[in-house]
Protein chains: 4
Amino acid sequence: MIEYHVRRRSGVPAYQQIVQQTEQALRLGHLQLGDKLPTAKEVVAATAVNPNTVLRAYQELQRAGLVESRQGLGTFVVGTLGQAENSAAGDLRRELTGWAAKARSAGLEREDVLALITSVVDQEFPPTAEPLPGAALRERS
Amino acid sequence: MIEYHVRRRSGVPAYQQIVQQTEQALRLGHLQLGDKLPTAKEVVAATAVNPNTVLRAYQELQRAGLVESRQGLGTFVVGTLGQAENSAAGDLRRELTGWAAKARSAGLEREDVLALITSVVDQEFPPTAEPLPGAALRERS
Amino acid sequence: MIEYHVRRRSGVPAYQQIVQQTEQALRLGHLQLGDKLPTAKEVVAATAVNPNTVLRAYQELQRAGLVESRQGLGTFVVGTLGQAENSAAGDLRRELTGWAAKARSAGLEREDVLALITSVVDQEFPPTAEPLPGAALRERS
Amino acid sequence: MIEYHVRRRSGVPAYQQIVQQTEQALRLGHLQLGDKLPTAKEVVAATAVNPNTVLRAYQELQRAGLVESRQGLGTFVVGTLGQAENSAAGDLRRELTGWAAKARSAGLEREDVLALITSVVDQEFPPTAEPLPGAALRERS
DNA sequence: GTGGTCTAGACCACA
DNA sequence: GTGGTCTAGACCACT
């Protein structure tokens, strides 16, 4: 059963954190087709968020076609996402774990590692650019 | 000169994105002691956020002791952060770049890679847990 | 419940006055762990500042780890500060009150008393010096 | 010769800090009738503020009738302020110094002492209240 | 021209 | 209803 961790100070809305963690679990294969998500009550007990916040996250996931809520039964996985758990994933994970160990013994902290990683990933997998706002405005007015 | 990229749709407050990108540039050595940050005006021109949003980010960095704003002159780096650019960093970056290439040829998308990476990093460098809010409150009435 | 008093003519930013008064209340024990700060609305009603100014003060206190804001609930004290209310404080306060009475009967005004006091305190508890700005800059270009 | 100390981070405008420190020196007798203030150049060397900032402070003092600038000669004290250095001041200062020593041995820090003192002084010498803004507006419109 | 503060108002996240 | 973020614009302090 997936366990959510909500960081209130991160600035990311609580319901989005739940959505993102669910999506990530789907990519990693931690959640499989048919798996049951924890009930809102359980999430509330574990994360101290408001029940409505959980419901909103689950609705978002349902609209994305990833889960389905059944009255009185719970919420179940009905979709898949990505390739992170294909045949090569085991190797990739092993290698990355080794890399992380090396980084730690070189004295890097968690934040250093994250900075380095995002730097490399942004270079190798460039994020889709965002149009400058105002473009739409300029056309309209 | 550092260039900021603000993603408005990410849910993360714009001012925090600027703070985080500055911190990352400090960790990676892209910003050095004495370097000048772009003026609020320049950031506004590049990112289309409001000047106050930039000022707020800079003030946050100033309170963290990382930069110092001098009226009429600009904002300057006065602190350092982390170890991401020590002797071993070059090797680590090279290896990680190779790993990323392998991941791509295995068919993983950016989101898959990020999911895999955060999974491994969270395991190897466990984030500091956040105390449940309300702990202090529960003792009282 | 703490009551704030903002002096607009003092030259000190309103949000800093709120921060300082909160810190002082913590030192004096007027605010205890778990206490609730007034809502932004209440402060606005009492001091005629803008809600955003109050929020900014509370955020500053939150970053200092002294309070914690919970959406929809309010802002609560989660940290302590200093020793001004330990066992000896009662005696010290009594003595100081007596001293103030003597000063008044000697014809000193409020401003005279403040001048005398800051002079003595600065001598007995030297303030931490502030580094000359630009030290880091001078090395560079 | 008076020495100014400008704390840039205090939020109080630099020129006001110079004015206030001059007034305080007058009250304490550290500056006497006829004394010469440091030249703008000297203040600049000591505090790293802009010459214009010093000039503005001196102009303010001149408008208050406390000093007088003579071209090519310098700026001189021509007024007095308060009673902080009358006959009883010596005793009061001595007592206060003793009190401060006791406070320190009780473990209070500078900030604790300041909190305690302002609390007592505000009670014994209540600051003149400030009319709520809007009062004037209500009459006008 | 650069940064700092404040106001006003809008919209969102959360309880 | 409470706090969080952002925008827009004004005014001030400083170089």
Side-chain angles (χ1 to χ4, degrees), chain A residues 6 8-18 44 47-57 133-134, chain B residues 6 8 11-18 36-44 47-59 62 67-76 133-134, chain C residues 6 8 11-18 36-44 47-59 62 67-76 133-134, chain D residues 6 8-17 44 47-57 133:
Chain A
V6 175
R8 314 185 88 78
R9 312 189 53 179
S10 71
V12 183
Y15 79 96
Q16 276 197 22
Q17 294 186 40
I18 294 177
V44 166
T47 62
V49 300
N50 189 283
N52 290 333
T53 304
V54 185
L55 293 184
R56 177 164 179 190
Chain B
V6 174
R8 314 183 94 75
V12 182
Y15 81 95
Q16 277 198 22
Q17 294 185 42
I18 294 177
K36 183 173 182 301
L37 296 187
T39 67
K41 240 186 179 173
E42 289 167 337
V43 178
V44 165
T47 64
V49 299
N50 185 281
N52 286 334
T53 304
V54 185
L55 291 184
R56 180 166 179 190
Y58 283 6
Q59 283 166 9
Q62 181 158 16
V67 310
E68 213 173 88
S69 290
R70 301 202 58 200
Q71 276 187 333
L73 292 181
T75 302
F76 301 88
Chain C
V6 174
R8 316 183 92 75
V12 182
Y15 80 95
Q16 277 198 21
Q17 294 186 40
I18 294 177
K36 183 174 181 299
L37 296 187
T39 66
K41 242 187 177 171
E42 289 166 338
V43 178
V44 166
T47 63
V49 301
N50 187 282
N52 287 336
T53 305
V54 184
L55 290 184
R56 180 165 178 192
Y58 283 8
Q59 282 166 8
Q62 182 159 17
V67 309
E68 214 172 270
S69 291
R70 303 201 57 200
Q71 276 184 333
L73 291 181
T75 302
F76 300 88
Chain D
V6 174
R8 313 184 92 77
R9 312 189 53 180
S10 72
V12 183
Y15 80 96
Q16 275 197 24
Q17 294 186 41
V44 166
T47 63
V49 300
N50 189 282
N52 290 333
T53 304
V54 186
L55 292 184
R56 176 163 180 191

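These numbers were taken from a predicted model, which means no experiment stands behind them. The sequence lines fix the lettering, A, B, ..., with proteins before strands; numbering per chain opens at 1.
- Annotation: side chain of B/Lys41 is not in contact with side chain of B/Val54 (no heavy-atom distance under 4.5 Å).
- Nearest heavy-atom pair, B/Tyr58 versus B/Thr75, reported as atom, atom and distance to 0.1 Å: CD2-OG1, 3.6 Å.
- With rounding to whole Å, D/Gln16 atom CD is found 14 Å from E/dT5 atom C1'.
- Where C/Pro38 and B/Val12 meet DNA chain F, the nucleotide closest to each residue was compared, and C/Pro38 sits on the side nearer the 5' end.
- The 5' end of DNA chain E is approached more closely, in terms of each residue's nearest nucleotide, by B/Gln62 than by the other of B/Gln62 and C/Gln71.
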Polar atom pairs between nucleotides 9-11 of chain F and protein, under 3.5 Å, N or O only, would you list them?
from	atom 1	to	atom 2	distance (Å)
F/dG9	O6	B/Asn52	ND2	2.7

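- Note that CG of B/Leu37 is 10.5 Å distant from CD of B/Gln62, once rounded to the nearest 0.5 Å.
- C/Thr47 and C/Arg8 make their closest contact through O-NH1, 3.6 Å (heavy atoms, listed as atom of the first residue, atom of the second, distance).
- The side chain of B/Thr53 contributes an N or O atom lying less than 4.0 Å from OP1 or OP2 of F/dT7.
- Listed candidates were E/dT5, E/dA15, E/dT2. Nearest to the side chain of C/Arg56 is E/dT5.
- OP1 or OP2 of E/dG3 has not a single side-chain nitrogen or oxygen of B/Arg70 nearer than 4.0 Å.
- For the pair C/Arg8 and F/dC12, the criterion of a side-chain N or O lying under 4.0 Å from OP1 or OP2 is not met.
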Watson-Crick and G-U pairing of DNA chain E written in dot-bracket, each distance under 3.5 angstrom, with | for inter-strand partners: ||||||||||||||.
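- Proximity note for B/Lys41 (side chain, C-beta onward) versus E/dT5, E/dT2, E/dC6: the nearest is E/dT2.
- Comparing B/Gly72 and B/Gln59 against DNA chain E, the residue whose closest nucleotide sits nearer the 5' end is B/Gly72.
- Looking at heavy-atom distances under 4.0 Å, D/Tyr15 makes contact with sugar-phosphate atoms alone, never a base.
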